[in-house]
Amino acid sequence: IATSAIKKIDDVPIVMKAIKSAKNASTRIAALHHLRGLQIDREELAEVIHATALNAKNESVRGAAIEYLEDPVILKEVAFNDSYIMNRLNAAVKLKDEEHLAVLLHDESKKTGDRLNISTCKTIIEHISDENILTRIAKNDLIFDLRKNAEEKVNNQSLQQEITKSKQER
């Protein structure tokens, strides 16, 4: 089934089959988006989204399913276990789990160094409001831009002093 054709199909079982088995990832993603607009039981839809987010081989297909995930248990599983960093980060953002976002950021910056996408990191920092977490990032992260972005969000005077002291000790 072609990507453009899937949008015209109103037969739920055929669209569900396309989500699971279409060879082209863009067709699977289009089918997933299209399924949400069809008459389908909410529980059945949730099952398809959960299964796709957890089991699809293609990271983009899993990512599309993550957009629709609402179940915190499944989101947490994706945030901790997906093989693709962007899916883990997007799930953590949806969970509003600032601590996990900070851990993911730190782990990724250790693994990838300056190859980590800075705009992605800035977006993640925007989702963190806990000044203690931001201070920890500003003091300890390996990537200068992450430290700088985190530092800019800290308003607490004593935490700003901690960051300044840490910079002087580097």
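As a basis for the values below, the full set of heavy atoms in this structure was taken, side chains included, without hydrogen atoms, waters or symmetry mates.
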Value rounded to 0.5 Å, distance of [atom1] in [X] from [atom2] in [Y]:
X	Y	atom1	atom2	answer
N24	T3	CG	OG1	4.5 Å
I137	D130	CD1	CG	9.5 Å
I128	R136	CD1	CZ	8.5 Å
T135	Q161	OG1	CD	11.5 Å
N155	L134	CG	CG	9.5 Å
D145	I125	CG	CD1	10.5 Å

Heavy-atom side-chain proximity of [X] to [Y] below 4.5 angstrom:
X	Y	value
I163	V154	yes
E67	H33	yes
H127	E98	no
H34	D10	yes
N156	Q160	no

Donor-acceptor pair, side chain of [X] and main chain of [Y], under 3.5 angstrom:
X	Y	result
R88	F80	no
S21	K17	yes
K94	E70	no

Subject >> Results of ring-ring contact (aromatic ring centres under 6.0 Å, His included) for Y84 - residues two or more places apart only >> reply: none
Original post:
Does the side chain of E59 pick up a donor-acceptor pair with the side chain of S83 at under 3.5 Å?
Top reply: no
Using atom types as modelled, flag every donor-acceptor pair under 3.5 Å from a side chain in residues 38-49 to any protein atom, sequence neighbours excluded.
unit_1	atom_1	unit_2	atom_2	d
D41	OD2	E43	N	3.1
D41	OD2	E44	N	3.1

Original post:
Given E131 and K153, is the salt bridge (charged side-chain N to carboxylate O under 4.0 Å, His left out) satisfied, shown in steps?
Top reply: CA-CA 8 Å; E131 291 201 3; K153 284 193 70 179; over 6 Å; no
Original post:
Which salt bridge (Lys or Arg N to Asp or Glu O under 4.0 Å) pairs, counting each pair once, include a residue from residues 76-87, with sequence neighbours left out?
Top reply: R62-D82
**OP:** Considering non-hydrogen atoms only, spot the tightest contact between T27 and A22 and give its length.
**Re:** CG2-CB, 3.8 Å
